[in-house]
Structures are given as structure tokens and as C-alpha cells.
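Quick note on labels: first sequence line is chain A, next is B, and so on, each numbered from 1.
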Protein chains: 2
Amino acid sequence: MGVTDRKEREKTEMKELIRATAMKMFLEDGYAKTSIRSIAEAIEYSPGTIYLYFKDKDELLYEVQGKAYGQLLEVFKREATSTDPLEKLRQVGRAYINFGLQNPELYDLMFIIRAPMNVDEEIHKANGGNCFAFLVDCLNDCISRNLLRLTDLHQASLLIWSTAHGLVSLNLRCRLKIMDQPEEAIPEILIKSMEDYLAAVTI
Amino acid sequence: MGVTDRKEREKTEMKELIRATAMKMFLEDGYAKTSIRSIAEAIEYSPGTIYLYFKDKDELLYEVQGKAYGQLLEVFKREATSTDPLEKLRQVGRAYINFGLQNPELYDLMFIIRAPMNVDEEIHKANGGNCFAFLVDCLNDCISRNLLRLTDLHQASLLIWSTAHGLVSLNLRCRLKIMDQPEEAIPEILIKSMEDYLAAVTI
DNA sequence: CAAATGTAATGAACAGTGTTCATTAATTGC
DNA sequence: GCAATTAATGAACACTGTTCATTACATTTG
């Protein structure tokens, strides 16, 4: 059965080619501006072919989202290594914000873009869940040691995530222009804000 | 000059008709799903007519954004009336989150949707600026009385706005599904989280 | 009042989108 | 070598925002 094996392999290779090309184009031009036709053109196939491997454009988005969550988790593991729970929490915060600042299109696609939530719910639970779990673990160390003014673990996780996401997403949508700050100062402001926030809820 | 007066009047009436119809449809179906053709059909004019009054679809969005900021400011003025600075701050937080929960499409259009930022910057400064100023004023009362653990006024404003926006927008994008909470419990969770957050940064 | 002017509205046309599906091409199994 | 299966195609469909030559109407002028 060497033939069916090869076919299987070719099929997954093709799927991977489409996935990788789509991801590259999503990150360069954004999800909305990347058309199925342009992806097809990039891999030198006809538009219809993509639909033999992916149900629709959204499914392609879900694939990339999955990869993206994996990337974020890796960043967490790489950047948040301190043995001090509070310092580790600060590292997570910094890592999250830097990730959003350095990968705007990726961040958009993970947390801001509107996409019909079909399979989405499961994909987010499976992939995003790991990232969230990292934060929860980290916070659990802080809360169980009574280092924070927040006592409900999951609520605290939600709050910290919301704050970081709020900072990143308001910036990505240029809503911080109402504060009269120079463009180049913003990354530091966001990081500083997050740190001051964590300091404020630290006992 | 009665004729030119009437023409002027008809022109502004027509513009208002388009603006109002667009807003209604944006709120019902969302910005993306509302087409120029469908707006034109709703007011029984041809698609081209809309372009005699608005440069493009984005300009229509800006108009609605302006109105929306006005609405939010009114909600602030109506809901946040306490003479106690801290209670007033809590009222602002509650009002913001409830606004987002009760007007999801409007909130989307104000803070989440992607739109080319051309005139946008000025519109946001002018309209959104008033809402932000309300929060800043409110926070100024708290900080000047030394009631909060946050000392930098503008940074504190940014933080509180980010937290509230984070809560609302993550919910709007169904990202809170990774926390296993029943749908109907979420509004209370968001409000409670915001309140506990404010409590945590209160001295 | 009739003709000329100005202007508001039209709707076909353009270039693009996601998606489908009958047709074609290639490969495999017998 | 031939039939059957599978993969790829690309035209077609129904949409999108936007433009612009054409038309219809209201107003002003002769």
C-alpha cells in the first residue's frame, strides 16, 4: 500500500502548503485583504483547489489561530521563567504586550477579528486554553501565597488578561491617539502601565 | 432666496435620512453585513445617490461613530452622578460595561472594527475625547484626594479604560468561552470583575 | 410660456470578493 | 491497454464598494 501512503503524504503536504502560505499572507496583509484567489495564485493553483482542502476561508483562519496560540504559549514559556511568582507574572504581562505589539496582524487574527464561531469555540478552548492556563497557573502561585489583593483565581486571571488585551487592542485600533502621546512612546507606556497595574494589586 | 434655502434644507434632510438609516442597519446587522445597496434600497434610492452625500462607506461609519460617542457620554452623565469620587468611578465603570453589553454592534463599530484612519483620528479626538475626559475628570477627583494606589492620572485613565474595554471586547468576541461559565452569568461576572478591580486599586 | 441651464438621481459597468460545480486531466487498479 | 477513481480546473453565481455617462427634473432666463 505504498501508493495510498504517498497520496496521504501528498495530501497533508498540500494542506500544509496552503496553511503556511495563508498564514504568511495573513500576517503580511491581514486576513481581510488576503483573498482566496491570491493565496491560490501564490501557490500556483486554481482557487477551487483550496476548497478541496479547507471548507472555507474561516477554516483557514482557525488553522492559523491554532498555530498562533502555540506561538504565544512558546513566548510565555521562553520569557516567563522566574521562580519568583510575582516576577513571573510581570514577565507574562510583558511578554503578552510585546507579542501584541510585535505581531499586530497575528494578534488581530487571534483576538479581534470577527469570524463566525462554529468550530471556533472548540479550537479556542483547546489552543487558547493552554495560554490562559499558563496565566492561571502563574496567578495561582501568587494568590495562594497571598501576594495579591485579588483572591478569586479565575476572576483575577480574567482581569489581568482583559487589561493586557485592552491595552494592546486599543493601541492596535489607534484609539490611544486621543491621549496626546508620540507614536514611538506608546510601547513603553503600555508596558509601564501593565507593570504599574500589577504593582497596584500587589500587597 | 427661498429656493436655495429649501434646497439646502432638503440636502441636509437627505443626508440625515441616509445617516439615520445607516445607523439603524449597522446596529441591527453590523457594519460589514450592511451594504450600500441595502441602505439605498431601504430609503428607496439608487446606490449611486448615497455617494452624492457621503464620500464612501467609511464616512458613513465615522458619522455613526460620532453619534455613538455622544450616546456613551450621555450614559456617563446619566449614570455617574454620585458626589463620592470613588462611587462615581464605579458608576462610570458599570455604565461603560453595560453600554458594551447592551449595544454590542454599536460598541463594535466604536472600538473594535477596523477602518482606515483618515479623518478618523480627528473624529475620535473630538468625540471620543469627551468620553475619555469624563473618565479623566472622575479619576482626577480620586487621585487628588489620594484614594487610589495609582498616581499618574493619564496612565490610570488608560488602565481603567483598557480593563473595561478588555472585558467587553473579549466577551464580544466569545473569547471568554475558555472560562467555563454559563452564558447568562457573564454580564454579572464582568461587572463584578470591574468592581473588584477598582476595589483592589483603592487604598 | 418656451427654451436653456443647472443639478439631482439613476443604474449599468468595473473590479473585486467567497464559493460552487460541471468539466477536464491525471493517476491508479485490473 | 482500459475502466475507475481521484485531483484540479476555471467559468459561473451572487455578492461587494465605487464610478460615471446618461437621464429626468426643477429652476432661471429670454
Going by number, which of residues 40-48 of chain B have a non-hydrogen atom under 4.0 Å from DNA chain C?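 Of all residues in residues 40-48 of chain B, the ones placing a heavy atom under 4.0 Å from DNA chain C are B/Y45, B/S46, B/G48.
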Could you write out each protein N or O paired with an N or O of nucleotides 15-17 of chain C at a distance under 3.5 Å?
unit_1: C/dT17; atom_1: OP1; unit_2: A/S35; atom_2: OG; d: 3.1

Round to a whole Å and report the spacing from [atom1] of [X] to [atom2] of [N].
X     : N      : atom1 : atom2 : answer
B/I18 : D/dT18 : CD1   : P     : 14 Å
B/I50 : C/dA9  : CD1   : P     : 12 Å
A/R9  : D/dT6  : CZ    : P     : 19 Å
A/M14 : D/dA7  : CE    : P     : 11 Å
B/D29 : D/dC15 : CG    : P     : 15 Å
A/L61 : C/dG18 : CG    : P     : 13 Å
A/K11 : D/dT5  : NZ    : C1'   : 12 Å
A/L17 : D/dA8  : CG    : P     : 11 Å

Residues B/E10, B/K15: salt bridge by 4.0 Å N-O rule: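 Not counted as a salt bridge, because no side-chain N and carboxylate O are separated by less than 4.0 Å.
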Please assess A/Y96 against A/Y107 for the test ring-ring contact (aromatic ring centres under 6.0 Å, His included), listing each intermediate value before the final yes or no. CA-CA 10 Å; A/Y96 187 96; A/Y107 192 89; 5.7 Å; yes
Nearest 0.5 angstrom please: [X] [atom1] to [Y] [atom2], how far?
X      : Y      : atom1 : atom2 : value
A/L148 : A/L89  : CG    : CG    : 6.5 Å
A/D84  : A/L147 : CG    : CG    : 8.0 Å
B/S38  : B/K33  : OG    : NZ    : 12.5 Å

Give A/F54 one of three labels, base, sugar-phosphate or nothing, depending on what nucleic acid heavy atoms sit under 4.0 Å from its own.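 No contact.
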For a ring pair (Phe, Tyr, Trp, His ring centres under 6.0 Å) with A/F134, tell me which candidate from A/W161, A/F76, A/Y69 qualifies.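 Among the candidates, only A/F76 passes.
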Determine the interplanar angle of the A/H165 and B/H165 rings, folded into 0 to 90°, and report it as parallel if under 30°, tilted if 30 to 60°, perpendicular if over 60°.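 Ring orientation of A/H165 relative to B/H165: parallel.
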B/K192 to B/Y197 six-membered ring, cation-pi geometry met (6.0 Å, 45°):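 No, a cation-pi geometry is absent between B/K192 and B/Y197.
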Is the NZ or CZ atom of A/K55 positioned over A/Y62's six-membered ring, under 6.0 angstrom from the centre and within 45° of the axis?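 So A/K55 doesn't make the cation-pi contact.
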Determine: side-chain N/O of B/Y53 to OP1/OP2 of C/dA9, distance under 4.0 Å, yes or no.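 So the side chain of B/Y53 is within the cut-off, an N or O lying under 4.0 Å from OP1 or OP2 of C/dA9.
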